[in-house]
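Bear in mind the structure is a predicted one, so any value in this text is a computation, not a measurement. Computation of the quantities below employed the complete heavy-atom set of this structure, encompassing side-chain atoms and omitting hydrogens, waters and symmetry-equivalent molecules. Residue numbers begin at 1 in each chain, while the letters A, B, ... track the order of the sequences.
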4 protein chains.
Amino acid sequence: MSTAAEATTRRRRKDARPQELLDAALDLFVEKGFAATRAEEVAQRAGVSKGTLYLYYPSKEELLKAVIREHLGSRIAAGEAAVDQHDGTSADLLREVYSHWWQAVLASPSSGAFKLIVSEVRNFPELAGFYQREVVEPGERLIGRIVQRGVDSGEFEPVDVAAAVHSLVLPMVMLCLHKHSLGACVPHQEGFDAVVFIRQHIDLVLRGLARHGAPAARRR
Amino acid sequence: MSTAAEATTRRRRKDARPQELLDAALDLFVEKGFAATRAEEVAQRAGVSKGTLYLYYPSKEELLKAVIREHLGSRIAAGEAAVDQHDGTSADLLREVYSHWWQAVLASPSSGAFKLIVSEVRNFPELAGFYQREVVEPGERLIGRIVQRGVDSGEFEPVDVAAAVHSLVLPMVMLCLHKHSLGACVPHQEGFDAVVFIRQHIDLVLRGLARHGAPAARRR
Amino acid sequence: MSTAAEATTRRRRKDARPQELLDAALDLFVEKGFAATRAEEVAQRAGVSKGTLYLYYPSKEELLKAVIREHLGSRIAAGEAAVDQHDGTSADLLREVYSHWWQAVLASPSSGAFKLIVSEVRNFPELAGFYQREVVEPGERLIGRIVQRGVDSGEFEPVDVAAAVHSLVLPMVMLCLHKHSLGACVPHQEGFDAVVFIRQHIDLVLRGLARHGAPAARRR
Amino acid sequence: MSTAAEATTRRRRKDARPQELLDAALDLFVEKGFAATRAEEVAQRAGVSKGTLYLYYPSKEELLKAVIREHLGSRIAAGEAAVDQHDGTSADLLREVYSHWWQAVLASPSSGAFKLIVSEVRNFPELAGFYQREVVEPGERLIGRIVQRGVDSGEFEPVDVAAAVHSLVLPMVMLCLHKHSLGACVPHQEGFDAVVFIRQHIDLVLRGLARHGAPAARRR
DNA sequence: AATGAATGAGGGTTCATTCAT
DNA sequence: AATGAATGAACCCTCATTCAT
């Protein structure tokens with residue numbers, strides 16, 4: 001093996017470590033909570049020893065913050081573009097962009113990060129500002145723009161936009177929390193499918209938003 | 001003070017101990033999480049010594065379970081009666097039962113118990129069954145009955161009742177969680193009032209449920 | 001046993017703990033150094049468990065500081081009074097006050113505290129100010145007063161007082177250090193007796209200080 | 001640079017490694033103590049990596065011993081020759097040999113080795129024999145010979161030679177210790193100059209040793 | 001020879017729980 | 001019943017040492 005290849009092999013492992021540790025940490029922090037997760041467990045799940053964890057993250061707390069940053073760092077940008085380009089109805093826009101996005105989040109490990117925020121903010125108040133800035137505000141702004149667009153075009157009733165946004169978003173977040181709390185404990189309720197529910201919820205809200213006299217939101 | 005009076009005072013305090021401990025434990029478990037809360041802190045906040053805590057609860061874990069039992073033990077019965085007796089529209093019934101009830105929950109310390117469930121179920125799976133049995137099922141049954149009533153009477157569209165229930169309930173639970181996580185950390189968002197939102201959310205959902213051709217849900 | 005007696009028994013142990021811990025800590029810190037001494041060793045030598053140490057001192061470092069404070073806290077006051085009251089020659093005063101004092105120090109566990117200072121000041125610079133203030137300055141001032149008194153009375157040559165003080169004091173401190181370093185490792189050098197040396201050293205220095213033409217310092 | 005020159009450079013660096021490591025180790029061990037110094041710090045200060053340290057010394061402890069050997073290995077030989085050749089007064093000899101030698105020691109990094117001995121002998125008793133054999137005994141023998149020479153020649157009082165040697169030597173060792181402990185922490189005491197003190201101390205002791213009737217030790 | 005990633009034993013500190021008073 | 005001193009298992013983190021590259 002050449003020196004370059006050697007270095008590469010070693011490098012490859014080293015480069016992969018932080019991600020492996022973050023993945024392990026997310027799983028365990030979400031499952032057991034930060035305080036109840038031992039640093040060594042995280043290391044073991046990542047396939048390294050206790051000491052190695054500390055080569056990459058200076059403390060368990062910094063590891064938590066890195067996990068949060070990774071999974072809740074701004075991901076809204078893509079959505080913004082979609083909103084700008086869309087030229088159909090606001091109802092379609094919401095159904096497309098929004099329900100797809102939440103399905104993806106729910107299916108991804110990032111869904112657990114919401115539980116982490118809920119469980120740990122009060123112990124690590126720095127997280128509050130980060131979450132507010134990176135998730136809450138851009139998220140509400142994005143959905144708010146869509147709703148406002150519908151109101152402006154006469155497609156929706158002139159509702160309180162912020163409230164409508166909450167009606168749309170809160171159940172989605174709750175689905176994420178549920179997935180990693182009760183949902184992981186009880187046998188799946190027959191007949192409940194989160195993905196189906198997302199669509200149903202949007203439909204219901206869209207019917208609530210629809211302007212009287214305007215055509216009702218189409219069922220697909 | 002007479003000896004009898006002293007005895008009475010002491011007795012009263014003694015009788016109050018378990019409740020004081022539960023109150024202190026709820027506060028702290030909700031704020032910091034179960035694992036990050038020290039048994040001694042709970043005792044101190046309840047005004048007793050560490051040892052005394054263990055006279056009333058055999059372990060920190062049992063204390064957690066008692067807290068959960070206290071705050072999430074069946075409270076739905078009252079609602080059931082209201083449903084049976086009501087003879088107005090289902091929309092009114094929903095607004096009444098539901099908005100009053102959630103306002104009460106949100107304002108009470110019990111709101112914190114939802115955060116406890118979300119944060120701790122996976123560490124104490126016994127809680128899952130309890131919560132499912134005592135809260136989820138009766139709660140969904142209650143709201144479900146009201147929605148079904150509206151569908152049956154032709155007041156509501158023939159929607160998927162379970163989905164509508166989730167659309168109604170999930171944001172409420174999320175409000176409880178928010179109150180004890182982010183909401184306790186960031187300065188109150190101007191213009192956001194949970195109680196107002198509850199009404200707005202019901203109105204929105206009721207508009208979504210309303211049968212075409214039927215009169216729209218009245219704004220109050 | 002009466003309640004008072006009970007309390008007393010328990011209290012007695014509790015009151016004695018800090019001193020027992022300080023004694024154990026002094027021994028071990030002096031012998032092995034601060035960093036090489038384990039907190040648990042200190043606890044064991046004091047006859048308690050690891051956790052108990054932390055009921056009395058919040059950290060190993062605070063334990064070190066308490067040890068230093070205990071053994072190097074101002075003890076010079078007594079000497080001051082003796083100097084004020086003495087009305088014999090300065091040579092006699094020095095022999096009496098000073099050699100007695102150093103014999104006492106050398107025989108006591110406090111002698112080890114000098115080794116602690118030498119070994120640990122650079123890691124705990126707060127100790128420097130304390131030692132300077134509580135030991136170096138009052139000590140040098142005291143001895144300096146005696147020497148100055150002799151110079152003023154014509155008993156001693158008009159020497160550099162500060163230098164003479166160092167000539168007197170440095171070997172004494174060195175004896176303390178030696179006792180707890182080399183002196184604890186090699187078989188006692190035959191013929192070397194620290195107490196005898198203290199007197200010999202004073203005599204030598206006094207002969208060096210003595211004014212020409214004045215009667216030489218008497219040998220005792 | 002030619003390959004040959006490169007090889008030379010590398011060789012030169014490689015040859016210098018052990019010395020660079022010893023220098024770094026002395027500095028750090030003296031400053032922070034052996035136990036509180038990390039092997040990696042030593043390597044870093046010597047400009048090599050952690051692993052390289054272990055190519056030259058099999059353990060941190062062996063590094064300590066090498067440091068001690070380097071700085072306290074027999075250096076007294078030069079002094080012995082000076083004593084043999086000297087034909088002036090013993091006082092002059094003492095001043096010359098001794099004051100020069102100690103000034104050199106105090107100014108050199110070797111002064112720190114005394115602190116190392118004091119701090120670490122009890123953890124590494126092998127050091128005790130080495131120090132006794134290489135430093136204490138030859139040093140005391142050398143100074144002792146000079147004093148004895150003065151006594152024999154009638155220049156000095158017939159004092160206890162061993163005691164006089166201690167009176168001469170202990171303050172010097174103490175100066176070395178001071179330099180690397182308190183002296184490194186507190187702002188330099190105004191008016192204190194170790195080199196001046198060395199001369200003052202010799203003068204004082206020589207006056208104490210001087211035979212009555214014999215000419216007093218000259219001030220230089 | 002040199003590096004530095006990896007290891008894991010070890011040590012400081014915390015805290016649930018016990019129990020003598 | 002109430003206390004709080006004491007315990008020791010457990011956990012976070014460090015660092016001497018190893019070894020693949």
Side-chain angles (χ1 to χ4, degrees), chain A residues 1-11 13-14 17 35-43 47-61 63, chain B residues 10-11 13-14 17 35-44 47-61 63, chain C residues 1-11 13-14 17 35-43 47-61 63, chain D residues 10-11 13-14 17 35-44 47-61 63:
Chain A
M1 228 190 221
S2 74
T3 306
E6 281 168 4
T8 302
T9 301
R10 175 81 80 95
R11 170 64 63 105
R13 296 196 68 194
K14 196 197 168 186
R17 283 286 143 76
T37 300
R38 289 175 324 168
E40 190 166 16
E41 281 181 284
V42 175
V48 298
S49 75
K50 201 181 0 177
T52 301
L53 168 59
Y54 288 91
L55 294 178
Y56 295 92
Y57 298 94
S59 70
K60 202 179 133 187
E61 187 173 334
L63 179 58
Chain B
R10 186 179 302 177
R11 168 64 60 99
R13 291 206 59 206
K14 188 191 141 189
R17 282 286 146 74
T37 300
R38 285 161 28 209
E40 188 167 18
E41 277 181 286
V42 174
Q44 267 175 358
V48 298
S49 74
K50 214 177 350 177
T52 302
L53 169 59
Y54 284 87
L55 294 176
Y56 292 95
Y57 299 94
S59 72
K60 202 177 134 186
E61 186 173 335
L63 178 59
Chain C
M1 229 192 219
S2 75
T3 305
E6 283 167 3
T8 302
T9 302
R10 176 80 81 93
R11 171 63 63 103
R13 295 196 68 193
K14 194 196 168 184
R17 283 285 143 76
T37 300
R38 289 176 323 167
E40 189 166 18
E41 281 181 283
V42 174
V48 298
S49 76
K50 201 178 1 174
T52 300
L53 168 58
Y54 287 89
L55 294 178
Y56 294 92
Y57 297 94
S59 70
K60 203 178 135 188
E61 186 173 335
L63 178 59
Chain D
R10 186 179 302 178
R11 168 65 61 100
R13 292 206 58 206
K14 187 190 144 188
R17 282 285 147 74
T37 300
R38 285 164 27 211
E40 188 167 17
E41 279 181 284
V42 174
Q44 266 174 359
V48 298
S49 75
K50 213 176 351 178
T52 302
L53 168 60
Y54 285 87
L55 294 176
Y56 292 95
Y57 299 94
S59 72
K60 204 177 132 186
E61 185 173 335
L63 178 60

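When the nearest nucleotides of DNA chain E are assigned to C:Ala35 and B:Pro58 by heavy-atom distance, the more 5′-ward of the two goes with C:Ala35. For the pair A:Gly51 and D:Glu61, both in contact range of DNA chain F, the more 5′-proximal nearest nucleotide belongs to A:Gly51.
As rounded to whole Å, 15 Å separates atom P of E:dG8 from atom CG of A:Leu53. Note: OH (A:Tyr56) to C1' (E:dA6) measures 8 Å, nearest angstrom. Separating the CZ atom of A:Arg38 from the P atom of F:dC12 is a distance of 7 Å, rounded to the nearest angstrom. For the pair D:Leu55 CG and E:dA2 P, the computed distance is 6 Å after rounding to whole Å. In this structure, the CD atom of B:Gln44 is 12 Å from the P atom of F:dT3, given to the nearest Å. Residue B:Glu40 contributes atom CD, which lies 9 Å from atom P of E:dA16 at whole-angstrom precision. For the pair A:Tyr54 OH and E:dG10 P, the computed distance is 19 Å after rounding to whole Å.
Contact annotation for C:Lys50: base contact, defined as any heavy-atom pair under 4.0 Å involving a base atom.
Across A:Ser49 and A:Ala43, no two heavy atoms sit closer than the pair O-CB, 3.5 Å. In this structure, C:Ala35 and D:Ala35 approach most closely via the heavy-atom pair CB-CB, 3.7 Å. In this structure, A:Ala39 and A:Leu53 approach most closely via the heavy-atom pair O-CD2, 3.6 Å.
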Both distances under 3.5 Å, Watson-Crick or G-U wobble: on that basis, could you give the dot-bracket string for DNA chain F, with [ ] for crossing pairs and | for other-strand partners?
.||||||||||||||||||||
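Listed by first and then second residue, the salt bridge (charged side-chain N to carboxylate O under 4.0 Å, His left out) pairs that reach into residues 52-61 of chain A are A:Glu61-A:Lys65, sequence neighbours excluded.
Applying the 4.0 Å criterion to OP1 and OP2 of F:dA5, one finds that C:Thr52 has every side-chain N and O outside that range. C:Ser49 has no side-chain polar atom (N or O) that falls below the 4.0 Å cut-off from OP1 or OP2 of F:dG8. Residue D:Arg17 places none of its side-chain N or O atoms closer than 4.0 Å to OP1 or OP2 of E:dA1.
Closest contact between the side chain of A:Ala39 and the listed nucleotides F:dA2, F:dC12, F:dT7 involves F:dC12. Taking only side-chain atoms of C:Val48, from C-beta outward, the nucleotide of E:dG12, F:dT7, E:dT17 with the closest atom is F:dT7.
Remark: B:Glu41 engages B:Leu28, B:Lys32, B:Thr37, B:Arg38 in a side-chain contact (heavy atoms from CB on, under 4.5 Å) (not counting sequence neighbours).
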